[in-house]
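One structure below.
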Amino acid sequence: TGHYIYVVNAEGKAEQRMVNVGDWIGDNWIIESGLSSGDVVIVDGTIKIQPGAQVKTVPYTNTTSATPATASAPAASGAPAADKK
């Protein structure tokens, strides 16, 4: 139980990772721990993703006026930044 995200591991597969979340600001959760710089977070397709599933990454395209931290974040097809379970 707790909050988790999916990241893309070195083999290009989905990996579930537990995270500690902080405040909700606008449309974004603040992740306090559980991620490292350079991690590729899966942000789309949450219903279908399973740990170990092969994923195809696509570059993040900012379509809104986001903060600099989210504008440069890598993304992949898969799951949202933080889900509760």
Side-chain angles (χ1 to χ4, degrees):
T1 62
H3 297 277
Y4 66 89
I5 59 156
Y6 283 99
V7 295
V8 180
N9 67 20
E11 293 83 35
K13 295 182 179 182
E15 178 179 295
Q16 188 177 14
R17 182 150 334 142
M18 298 303 292
V19 293
N20 291 320
V21 297
D23 293 332
W24 178 263
I25 299 176
D27 292 334
N28 302 301
W29 281 105
I30 302 300
I31 304 298
E32 294 180 343
S33 65
L35 284 176
S36 299
S37 180
D39 282 344
V40 178
V41 177
I42 299 173
V43 296
D44 191 22
T46 60
I47 301 298
K48 298 185 231 177
I49 199 69
Q50 297 279 333
Q54 189 72 38
V55 295
K56 177 184 173 191
T57 61
V58 294
Y60 174 76
T61 304
N62 184 14
T63 57
T64 64
S65 59
T67 62
T70 58
S72 63
S77 295
D83 278 344
K84 282 188 178 179
K85 259 213 166 174

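These numbers come from the heavy atoms of this one structure, side chains and all, not from hydrogens, waters or symmetry mates.
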Practice task
Looking only at non-hydrogen atoms, find the nearest pair between E11 and Q54 and report the distance.
Solution key: O-NE2, 3.5 Å
Exercise for the section: Determine whether I30 and W24 fall in the same hydrophobic cluster, where Ile, Leu, Val, Met, Phe, Trp and Tyr are linked whenever their side-chain heavy atoms lie under 4.5 Å apart. Expected result: no
Exercise for the section: State plainly whether one hydrophobic cluster holds both V19 and I25, where clusters connect Ile, Leu, Val, Met, Phe, Trp and Tyr through side-chain heavy atoms under 4.5 angstrom apart. Expected result: no
Problem - Under the side-chain hydrogen bond (donor to acceptor under 3.5 Å, both in side chains) test, residues paired with T61 that sit two or more places apart - result: none
Practice task
May I ask you to check whether over 12 heavy atoms, not counting those of Q50, lie within 6.0 Å of atom CD?
Solution key: no
Exercise for the section: Starting at CD of Q16, measure out to OH of Y6 and round the result to the nearest 0.5 Å. Expected result: 4.5 Å
Practice task
State, yes or no, whether a side-chain contact exists between V40 and V7 at a heavy-atom distance under 4.5 Å.
Solution key: no
Exercise for the section: Kindly state each residue pair satisfying salt bridge (charged side-chain N to carboxylate O under 4.0 Å, His left out) with at least one member in residues 17-33, sequence neighbours excluded. Expected result: E15-R17, R17-D39
